[in-house]
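One structure is given here, and the rest of the page talks about it.
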Amino acid sequence: MAASGHDQAAATAAPGAVTAPPTERGWRPRSLAGRFLATLVVSAVLPLLLYGVYSLRGMRAQIDEQVVRVFLPQLALDHGQRLSDHLARVDQACAVVREIARRALDSPDELDAFVEQVELVPDLLDNLLDLLLLADPEGRVVYWQDGQRLGPDSHESRAALIPTHVTDQAWFRAVQTGGGTLHLPWGRSALLHRGLDHRSLDPASHHLGVALDVPRPTGRPGVLFALVRWAEVQQILDAARTVLTEDAHLPGAEVFLVDPSGRIVGHTDRSRYGLALAPTSLAQALQRQGPAGRAEFVDAGGAAGRVGYAACGDDPARQFVLGVTVAERELFAQSEAFARALWWTIAASVGVLVLWSLLASRTITAPVQTLAAAARRIAAGDLAVTVPARGGAELAALAATFNQMAGELAAGRARLAAAERDQAWAEMARQVAHEVKNPLQPMRLTAQLLQRAARDGDPRAPAIAERLARTVLEQTDALDRIASDFRAFAGPAAAARSVVALDTWLGELLAACRGLFASRPLQLDLLTPVPNAQLALDPRALSRVFVNLIQNALDAAPEGAHVTLQATTTANAVGLAVVDRGPGIPEAQRRHLFEPYFTTKTSGTGLGLAICRRLVEAHGGTIRLCRSEPGHTEFAIELPRLDHPSAG
């Protein structure tokens, strides 16, 4: 019978292999303190959060019910009724004056009595009207009086605006023709003000006009004309806002009055007088709703608001809508404050629970944390660490095992370090022996040849002796170079620096290299000299870098090498490029160029480029191979400028 997929997987597992525990799905607190904290949060904070959310929703619903659904519409309705009552009182007072005016027009001798009787009408020219005018049937103005609230200093200027005849006034002709009472629309009157083409922000400069016929027993009637004092209407709007700001604690609330066209004829913000109701969403909301109620809108800044409104007035010229607007941020300020207090309480509760869970779990987790910290120190290389055996039998046994493991690791590292030192010395000895053996071989052969010639009496013995001398000198020079390479690689980098001008040093370097390689087929050029750049360097040490690169170019192209030195500068560094037109460096060899003992030549120590890198880096610079292909091999050297603040 074939094994199941699980059995097959178990069968293929290596014997003794430790299998990883199955991955747990979902989030779960990993530490003991985390689990303890999660338990406290669920048992204490979650009920508080649920209670707060429930209470917050109930509070918002209560505000919406009591304030938005009831208070705002009722406030608009009450003060709209006050406005209607005020206008009705004005109409009643005007009707009383009309009856008095009938006797004055029938008998001119009664005009003085008319003036006295008008002054006896309560509040007529004090709080109700700003102008009262009586015209006889021919349109002659037989009486006029401005309101007592108007400034007495400007009485003469107002008198200049009162005409002697009003036959050209539309309201006079309309009332004489149709009779009854004519209500004129809201605005500014030419009988009291000049410059009617500009928008006034003063409520006292606006009025409602009323024209009434004054019947006579025979003939055409006279006309009584009055301008209703609009400042009294503004006081009704201000009183409504006082209720909102002082009683309801809604300082941003506004009260407005608009006519059927949507024009603002009254507003607690005087700057809105005469403008169209804004925002558009508010005007549209009032148009869609009935004569009284509530609505929502969004202002120009994107903030939501609520409005309660009520219609007032019966005559088409006196039909208005009184509205009360409140921003939602103020309306629900108490609920928002409660929400902030709730979140702060929850945050404080979580903080207290976190502190408590840490303190409660510390006695359990401290030994484990000590063990984890010791493990991290071992991972960082500190194998001398030990942990105290505490926290119960199980944790004490774990600590003892850990300390034993740390001791074994320290002993193993000491043995490994000793083995690495032995290997390094063996490699160095092997390389030195190999390099020294190469120059000794030709000297031995030449010496043996000289011995044989001397023993055999060969006449060529002097010539052989001369050749032996040259060979010894040449190979001694080779041994000296080998010793210098090993000394330069193993010893400290050159540090005898001096300040040099880049152009001057490059010129001297170019002359020295041409003299050094005078017997070799070498063309050496310098491009783009850089004036005013200064470097702090060891000229002898850095010259060795360029000599090594030129030597490598000659070795790669023995028939002749063309090497170019190119200098560039940036804000804080000097770049030196060494370019030769040789055959290039194979791809496989490029990554090993700067490694010690790596060479592609049959002679040499393989330390040249490694020494070059050490010397350049000792000057705070870098050296790298930028490009290598047949005809173009480029090494780039970058050194810090001394004349830059960051150079060091």
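Counting begins at 1 with the first residue of the sequence.
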Review point. Which ring-ring contact (aromatic ring centres under 6.0 Å, His included) pairs, counting each pair once, include a residue from residues 92-111, with sequence neighbours left out?
Key: none
Practice item. Please report the closest heavy-atom contact between Thr370 and Pro388, naming both atoms and the distance. Key: CG2-CD, 4.3 Å
Check your understanding: Can Glu296 and Arg306 be counted as an ion pair, charged N to O under 4.0 angstrom?
Key -> yes
Review point. Which pair of heavy atoms, one from Gly180 and one from Val175, lies closest together, and at what distance?
Key: O-CG1, 4.1 Å
Check your understanding: Of all heavy-atom pairs between Ala104 and Glu110, which one has the smallest distance, and what is that distance?
Key -> CA-CB, 3.9 Å
Distance-only donor-acceptor pairs under 3.5 Å for side chains of residues 129-136, two or more places apart:
residue, atom, partner, partner atom, Å
Asp130, OD1, Arg229, NH1, 3.2
Asp130, OD2, His207, NE2, 3.0
Asp136, OD1, Glu138, N, 3.0
Asp136, OD1, Gly139, N, 3.0
Asp136, OD1, Arg140, N, 2.7
Asp136, OD2, Arg140, NE, 3.1
Asp136, OD2, Arg140, NH2, 2.9

Practice item. Identify the two heavy atoms, one from Val223 and one from Trp171, that lie closest to each other, and give their separation to 0.1 Å. Key: CG1-CZ3, 3.6 Å
Check your understanding: Do Leu208 and Leu87 have side-chain heavy atoms sitting under 4.5 Å apart?
Key -> yes
Exercise answer: donor-acceptor pairs, residues 189-198 side-chain atoms, under 3.5 Å, sequence neighbours excluded:
residue, atom, partner, partner atom, Å
Ser189, OG, Leu191, N, 3.2
His193, NE2, Ser205, O, 3.4
His198, ND1, Gly195, O, 2.7

Point to revise | Residue pairs involving residues 109-137 (criterion ring-ring contact (aromatic ring centres under 6.0 Å, His included); sequence neighbours excluded) | key: Phe114-Tyr143
Exercise for review: Answer yes or no: is there a donor N or O on one side and an acceptor on the other, between the side chain of Ser154 and the main chain of Ser157, under 3.5 Å?
Suggested key: no
Practice item. For Ala88, enumerate each residue passing the side chain to side chain contact (heavy atoms under 4.5 Å, CB included) test, keeping only those at least two apart in sequence or located in another chain. Key: none
**Study point:** Partners passing side chain to side chain contact (heavy atoms under 4.5 Å, CB included) against Asp238 (at least two apart in sequence or in another chain)
**Key:** Gln234, Thr268, Arg270
Point to revise | Member of Val258, Leu257, Val233 meeting the side-chain contact (heavy atoms from CB on, under 4.5 Å) criterion with Leu322 | key: Leu257
Check your understanding: Hey, does Arg376 have a side-chain heavy atom less than 4.5 Å from the side chain of Asp382?
Key -> no
Exercise for review: Go through the steps for Trp144 and His155 under the test ring pair (Phe, Tyr, Trp, His ring centres under 6.0 Å), then give the verdict.
Suggested key: CA-CA 12 Å; Trp144 75 273; His155 176 78; 5.4 Å; yes
Exercise for review: State which residue, out of Arg98, Glu99, Arg103, fulfils the side-chain contact (heavy atoms from CB on, under 4.5 Å) condition with Val214.
Suggested key: Arg98
Revision key, fill the gap. Residue set satisfying salt bridge (Lys or Arg N to Asp or Glu O under 4.0 Å) with Asp202, at least two apart, ordered chain then number -> none
Review point. Can you tell me if Arg89 uses its side chain to pair, donor with acceptor, with the backbone of Leu128 under 3.5 Å?
Key: no
Point to revise | Residue pair Glu232 / Ile236, side-chain heavy-atom distance below 4.5 Å | key: no
Point to revise | Pairs involving residues 87-108, ordered by first then second residue, that meet ring-ring contact (aromatic ring centres under 6.0 Å, His included) (sequence neighbours left out) | key: none
Review point. Has the side chain of Arg216 got a donor or acceptor atom that lies under 3.5 Å from a matching backbone atom of Gly222?
Key: no
Exercise for review: Check for a donor-acceptor pair, side chain of Asp213 on one end and backbone N or O of Pro215 on the other, with a separation under 3.5 Å.
Suggested key: no
Practice item. Could you note down all residue pairs passing salt bridge (Lys or Arg N to Asp or Glu O under 4.0 Å) where residues 154-165 supplies at least one of them, sequence neighbours left out? Key: Asp146-Arg158
Exercise for review: Please name all residues satisfying side-chain hydrogen bond (donor to acceptor under 3.5 Å, both in side chains) with Gln148, sequence neighbours left out, ordered by chain then number.
Suggested key: none
Point to revise | Side chain proximity check, Arg641 to Thr569, heavy atoms < 4.5 angstrom | key: yes
Exercise for review: State, yes or no, whether a side-chain contact exists between Pro203 and Tyr273 at a heavy-atom distance under 4.5 Å.
Suggested key: yes
Check your understanding: Do Phe71 and Leu244 touch side chain to side chain, with heavy atoms closer than 4.5 Å?
Key -> yes
Check your understanding: Parallel under 30°, tilted from 30 to 60°, perpendicular over 60°: which one fits the rings of His267 and Phe256?
Key -> parallel
Check your understanding: Is it true that a side-chain atom of Asp123 and a backbone atom of Asp126 form a donor plus acceptor pair closer than 3.5 Å?
Key -> no
Check your understanding: Under 3.5 Å, side chain of Arg199 to main-chain N/O of Ser271, donor-acceptor pair present?
Key -> yes
Review point. What pair of heavy atoms forms the shortest contact from Ser281 to Phe297, and how long is it?
Key: OG-CB, 3.7 Å
**Study point:** Nearest-0.5 Å distance that lies between atom CZ in Arg220 and atom CG in Leu105
**Key:** 12.5 Å
Exercise for review: State, yes or no, whether a side-chain contact exists between Val228 and Trp186 at a heavy-atom distance under 4.5 Å.
Suggested key: no
Review point. Got Val118 and Leu124 here, is their nearest side-chain heavy-atom distance under 4.5 Å?
Key: yes
Exercise for review: Output yes when Arg173 and Asp168 qualify as a salt bridge under the 4.0 Å nitrogen-oxygen rule, no when they do not.
Suggested key: no
Review point. So, the side chain of Asp259 versus the backbone of Gly262: is there a donor-acceptor pair under 3.5 Å, distance only?
Key: yes
Review point. If you round to the nearest 0.5 Å, how far is CG of Leu77 from CG of Leu72?
Key: 12.5 Å
Check your understanding: Quick one: side-chain hydrogen bond (donor to acceptor under 3.5 Å, both in side chains) partners of Asp106, sequence neighbours excluded?
Key -> none
Check your understanding: So which heavy atom on Pro251 is nearest to which on Thr245, and how close?
Key -> CA-CG2, 3.9 Å
**Study point:** Set of salt bridge (Lys or Arg N to Asp or Glu O under 4.0 Å) partners for Arg272, sequence neighbours left out
**Key:** Glu254
Check your understanding: So, does Trp230 use its side chain to make a donor-acceptor pair with the main chain of Val265 at under 3.5 Å?
Key -> yes
